[in-house]
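FYI, the numbering just counts along the sequence from 1. Here the structure is a predicted model, which means the values were calculated and not measured.
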Amino acid sequence: MRRTRWTPAVALLTVVVLAGCGTESSPAPSALPPDPNTSSTPSSNGVTPTGTPLTLATGLHSPWSVVRLSSGTALISERDTAKIIEISADNIVRTIGTVPGVDHGGEGGLLGLAIVEHGDATTLFAYLTTASDNRIVRMSLRGEPGSYTVGQPKPILVGLEKAGNHNGGRIAIGPDEKLYATVGDAGNPDRAQDMTSLNGKILRMNLDGSTPDDNPYPDSLIYTLGHRNPQGIAWDSDGQLWASEFGQNTWDEFNRIIAGKNYGWPIVEGQEGRAGFVDPVVQWKTADASPSGLAFVHETFFMAALRGQRLWSIYTQDPLSSEPDATAWFSGEYGRLRDAIPGPNSTLWVLTNNTDGRGSPRDGDDRLLQITLAAPHEG
């Protein structure tokens, strides 16, 4: 662990074939029993990881996003295989579907997931790469835990530019019940400042893909602009949106997202104090971060770092009047980290990302980890 203050179950395989996909022949991921000692005392001033992370599932291939259902089930997207993996509350791991039309290449493939549960109806949203674009689709989630299936995907947003890198791909449902999406510049920095392009932006939309009436730009899904490759979004306890973003060669960023604002790329990278652009609240050298997923738990942000191979905790307090604390955890212990979400009972769930061609796989990779959180000790 390094503390730094910065300036400004038993495996079960079931395949649901979508759009003519064949029978799966790859080995199933496996899951291990849950840790019964997962409770912790949250703090209004933030929490820290404690103890040794518990491995909930192993044998995942290029996992990208994880979401939790009220049933206790987790769903994981695999970028390169286009599979959706179910991990049930009793730790049965199975493939519930392979999303058709996904065209993996470079950093593209099956990326972010988001879930909406409304009565007996559950809808799964996915951000994915096809042969011609990046797009967002919605699918019905059918059945019960242990026997879920997914319906045919229906596009709600198409035509986002794709590339071998900078595809963005994180989606999440906000406290306002709107769908937010991070979209990278797809390798063309000028798109980030181009209001006729949805690339290099954070988007906000209704759940059918239409434009909310109260978006900052009339008849536009654009919520903020000037982004290079944002891959993490989360809301704090006040409903304020934050995002993590890959920089170019100098600074990775943690940004407070304000509707209609410009975050500077490619004109500005990191904290420059230039008029007309919003500076990041925290910045890191790219070797220390390359940030992806972002979670908020008990007044603490947790940011998964790929190249940095560590988990960052960020205590914002009042970002307008005090300097945030950023602390590194598990540096190098689990390799590249792709996603982080709140887990049950004051825990954090983290996806490793060592099997996508850029990491060094370890025995059991990739895996889903559960990290116990506790209030920091005084003294």
Side-chain angles (χ1 to χ4, degrees), residues 64-70 75 77 110-128 133-141 150-151 153-161 167-184 192 195-227 229-245 254-263 278 292-297 301 316 339-342:
W64 210 93
S65 179
V66 55
V67 293
R68 294 178 57 227
L69 306 176
S70 60
L75 300 179
S77 62
L110 180 59
L111 304 178
L113 299 178
I115 200 83
V116 171
E117 298 179 282
H118 189 269
D120 294 332
T122 300
T123 303
L124 179 65
F125 295 84
Y127 186 118
L128 56 89
D133 64 0
N134 284 309
R135 60 179 57 190
I136 299 174
V137 302
R138 58 186 294 170
M139 300 167 279
S140 60
L141 185 67
V150 288
K154 298 180 180 179
I156 63 169
L157 177 63
V158 301
L160 303 173
E161 296 292 338
N167 291 293
R170 192 69 59 188
I171 55 176
I173 307 298
D176 54 3
E177 299 184 350
K178 304 300 183 184
L179 179 65
Y180 291 74
T182 69
V183 186
M195 291 298 291
T196 68
S197 171
L198 296 182
N199 285 81
K201 314 294 191 301
I202 293 177
L203 308 181
R204 177 178 182 260
M205 67 197 76
N206 297 316
L207 300 186
D208 61 0
S210 62
T211 302
D213 293 336
D214 58 348
N215 266 11
Y217 300 102
D219 302 316
S220 174
L221 297 179
I222 296 173
Y223 193 68
T224 56
L225 67 152
H227 299 285
N229 192 24
Q231 282 193 5
I233 47 176
W235 288 262
D236 64 21
S237 54
D238 294 325
Q240 172 63 55
L241 177 60
W242 300 75
S244 57
E245 180 169 343
F254 175 67
N255 286 299
R256 183 173 183 261
I257 300 300
I258 303 170
K261 296 298 184 178
N262 189 330
Y263 288 78
V278 179
S292 190
L294 185 68
F296 183 77
V297 185
F301 284 98
T316 57
D339 198 12
I341 66 168

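- Pairing each heavy atom of Ala181 with each of Ile171, the nearest pair is CB-CG2, 3.7 Å.
- The shortest side-chain heavy-atom distance between Asn134 and Glu161 does not fall under the 4.5 Å cut-off.
- Atom CG of Leu294 is separated from atom CD of Glu245 by 12.5 Å, given to the nearest 0.5 angstrom.
- Between Leu225 atom CG and Leu198 atom CG the span is 11.5 Å, to the nearest 0.5 Å.
- In this structure, Asp238 contributes its side chain and Gln240 its backbone to no donor-acceptor pair below 3.5 Å.
- Residues Thr182 and Ile233 meet the side-chain proximity criterion, which asks for heavy atoms closer than 4.5 Å.
- Considering only residues two or more places apart in sequence or on other chains, Asp176 meets the salt bridge (charged side-chain N to carboxylate O under 4.0 Å, His left out) condition with Arg204.
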* Trace of the side chain to side chain contact (heavy atoms under 4.5 Å, CB included) decision for Leu124 with Val150 -> CA-CA 8 Å; Leu124 179 65; Val150 288; 4.1 Å; yes
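- Between Val67 and Ile341, the closest side-chain pair of non-hydrogen atoms is not below 4.5 Å.
- Residues Ala234 and Phe296 come closest through the heavy atom pair CB-N, 4.2 Å.
- By the ring-ring contact (aromatic ring centres under 6.0 Å, His included) test, Tyr223 pairs with Tyr180, sequence neighbours left out.
- Heavy-atom minimum distance, Met205 versus Leu157: CE-CD2, 3.9 Å.
- Counting only distance, with no hydrogens or angles, the side chain of Lys261 and the backbone of Ile257 share no donor-acceptor pair below 3.5 Å.
- Residues that satisfy the salt bridge (charged side-chain N to carboxylate O under 4.0 Å, His left out) test with Asp213, not counting sequence neighbours, are absent from this structure.
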* Asked: Stepwise, does the side chain to side chain contact (heavy atoms under 4.5 Å, CB included) test hold for Leu203 with Val183?
  -> CA-CA 8 Å; Leu203 308 181; Val183 186; 3.7 Å; yes
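- Side chain of Asp208 to backbone of Ser210: a donor-acceptor contact under 3.5 angstrom is found.
- For the residue pair Ala243 and Ile202, the shortest heavy atom distance occurs at CB-CD1, 4.0 Å.
- Taking CG of Asn215 as the start and NZ of Lys178 as the end, the distance is 8.5 Å to the nearest 0.5 Å.
- Within the model, atoms OG1 of Thr224 and NZ of Lys201 stand 9.5 Å from one another, a figure rounded to the nearest 0.5 Å.
- Shortest non-hydrogen contact noted between Ala126 and Leu113 is CB-CD2, 3.9 Å.
- Listed here is the closest heavy atom pair of Ser244 and Ser292: OG-O, 2.7 Å.
- A donor-acceptor pair is defined here as one N or O able to donate and one able to accept, closer than 3.5 Å; no such pair exists between the side chain of Asn206 and the backbone of Gly209.
- Among residue pairs with one or both ends in residues 113-128, those qualifying as side chain to side chain donor-acceptor pair (under 3.5 Å) are Ser70-Glu117; sequence neighbours excluded.
- Considering only residues two or more places apart in sequence or on other chains, Arg135 meets the salt bridge (charged side-chain N to carboxylate O under 4.0 Å, His left out) condition with Asp133.
- Annotation: the span from Leu179 atom CG to Ile136 atom CD1 amounts to 5.5 Å, rounded to 0.5 Å.
- Between the side chain of Ser65 and the backbone N or O of Gly112 there is no donor-acceptor pair closer than 3.5 Å.
- Checked against the 6.0 Å centroid threshold, Phe254 and Trp242 count as a close aromatic pair.
- Qualifying salt bridge (charged side-chain N to carboxylate O under 4.0 Å, His left out) partners for Arg170, counting only residues two or more places apart in sequence or in other chains: Asp339.
- To the nearest 0.5 angstrom, Leu141 atom CG is 12.0 Å from Phe125 atom CZ.
- For the pair Tyr263 and Ile258, the minimum side-chain heavy-atom distance is below 4.5 Å.
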